[in-house]
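What you see below is based on every heavy atom in this structure, not just the backbone, and it leaves out hydrogens, waters and symmetry mates.
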Protein chains: 2
Amino acid sequence: MKKTSDIINKLSEQGYRLTPQRMMVLDAIENSEHHISAEEIYAQVIMEYPHLNISTVYRTLELLHRLGLVTETDLGGGRVRYHPADKGHHHHLVCQECGRVIDLDESVTDNLKQVLKRDYNFTPDIRHLALFGTCADCKR
Amino acid sequence: MKKTSDIINKLSEQGYRLTPQRMMVLDAIENSEHHISAEEIYAQVIMEYPHLNISTVYRTLELLHRLGLVTETDLGGGRVRYHPADKGHHHHLVCQECGRVIDLDESVTDNLKQVLKRDYNFTPDIRHLALFGTCADCKR
DNA sequence: ATTTTAATTGCAAAGCCTTGCAATCACCCC
DNA sequence: GGGGTGATTGCAAGGCTTTGCAATTAAAAT
Ligand SMILES: [Mn+2]
Ligand SMILES: [Mn+2]
Ligand SMILES: [Zn+2]
Ligand SMILES: [Zn+2]
């Protein structure tokens, strides 16, 4: 798989060690169909590497997020979820009534980003937003 | 103070009990200069009511937020902060480099809300947004 | 290949927040 | 004012995530 090598190269270039733990956490994220949680990554990796500690998963996620290699979002449900950045950026609407999650194109935030840039010279890091509210079906 | 009575009336009207714990938590929020955290509310109330448990603070905050009487936001720093809804809605930009917090008028999200309404018939509950990024000074 | 060195890990403890449950208490009715 | 009732509380335990520290190990230097 090409994507994983790309991320591995970026880690290596920036002076981070390529530990087996990091490789396996990365693999779990890249091969996940949906947004994956720390606990789910842990459960998956531990099957072939039982020595792994969950704090290493959290630290790896923090690193990959800080380097912009994964996006992080709280879709409700009490745990943060992750997504490979190179699989495309997008956002979500989450209905507080029924729990439905609607996917949004990245472009919905273009106007907001532009206004913040123009009026405040602020560069927002909006890569994976989750907005809560009420969906069409639940609006009585 | 008029504001507190208003909130108390709303609680009462909706059938919620006016317990001393709720009154005191409410007081702490209303009299706070800035966005206040659960721990800070707890520390303040406990001075005159040492029996209070912090889970009551969290449950009261959850109730007030659900009823739209306080807004809730994560400005970073690992704890959620609260603000009375009747003191005016607004949003924040948080610089990830220097920690600076910029206040935004509620209207910056008007366009986004409108688009979500028009294209998805979704009514977002965006009352106190915190957006992270890089401020003007930190941009090299 | 061996040594060196700092980054990384596992472990245990802690921090923030939520939740189940039994005891308490605000409010309604008389 | 004195019950009755269900909402609310305190307490203790648990869930998710972070953090300090000593031991390990990837990678660089020899
Ligand atoms: Mn996503
Ligand atoms: Mn605010
Ligand atoms: Zn819905
Ligand atoms: Zn800054």
[X] side chain, from C-beta outward: closest of [options]:
{"X": "A:Arg17", "options": "D:dA27, C:dT19, C:dA26", "result": "D:dA27"}
{"X": "B:Ala38", "options": "C:dC16, C:dG10, C:dC17", "result": "C:dC17"}
{"X": "A:Leu18", "options": "D:dA27, C:dT9, D:dT9", "result": "D:dA27"}

Would you kindly give the [atom1]-to-[atom2] distance between [X] and [N], to the nearest whole Å?
{"X": "A:Leu64", "N": "C:dT8", "atom1": "CG", "atom2": "P", "result": "12 Å"}
{"X": "B:Leu63", "N": "D:dT9", "atom1": "CG", "atom2": "C1'", "result": "14 Å"}
{"X": "A:Asp74", "N": "D:dG15", "atom1": "CG", "atom2": "C1'", "result": "14 Å"}

Presence of [X] side-chain N/O under 4.0 Å of [N] phosphate oxygens OP1/OP2:
{"X": "A:Gln21", "N": "D:dT25", "answer": "no"}
{"X": "A:Thr19", "N": "D:dT25", "answer": "no"}
{"X": "A:Tyr58", "N": "D:dT17", "answer": "yes"}
{"X": "B:Arg59", "N": "D:dT8", "answer": "no"}
{"X": "B:Thr56", "N": "D:dT9", "answer": "no"}

Interface residues of residues 43-53 of chain B with DNA chain D (non-hydrogen, below 4.0 angstrom): B:Tyr49, B:His51, B:Leu52, B:Asn53
Tell me whether [X] at atom [atom1] has more than 12 heavy atoms from other residues, nucleotides or ligands lying less than 6.0 Å away.
{"X": "B:Glu62", "atom1": "CD", "value": "yes"}
{"X": "B:Lys117", "atom1": "NZ", "value": "yes"}
{"X": "B:Gln14", "atom1": "CD", "value": "yes"}

Partners passing salt bridge (Lys or Arg N to Asp or Glu O under 4.0 Å) against A:Arg81 (at least two apart in sequence or in another chain): A:Glu40
Bend angle of the helix from C:dA1-D:dT30 to C:dC30-D:dG1, from helix axes over five pairs at each end, nearest 10°: 30°
Salt-bridge present (B:Lys139, B:Asp137; N to O < 4.0 Å): no
CG-CG distance between B:Asp74 and B:Leu129, expressed to the nearest 0.5 angstrom: 11.0 Å
B:His128 and B:Thr73: side chain donor to acceptor below 3.5 Å: no
Flag for A:Asp103-A:His92: side-chain donor and acceptor within less than 3.5 Å: yes
Pair B:His83 and B:His90, ring centroids less than 6.0 Å apart: yes
Nearest-nucleotide 5' precedence on DNA chain C, B:Val80 against A:Val57: A:Val57
Nearest-nucleotide 5' precedence on DNA chain C, B:Tyr16 against B:Ser37: B:Ser37
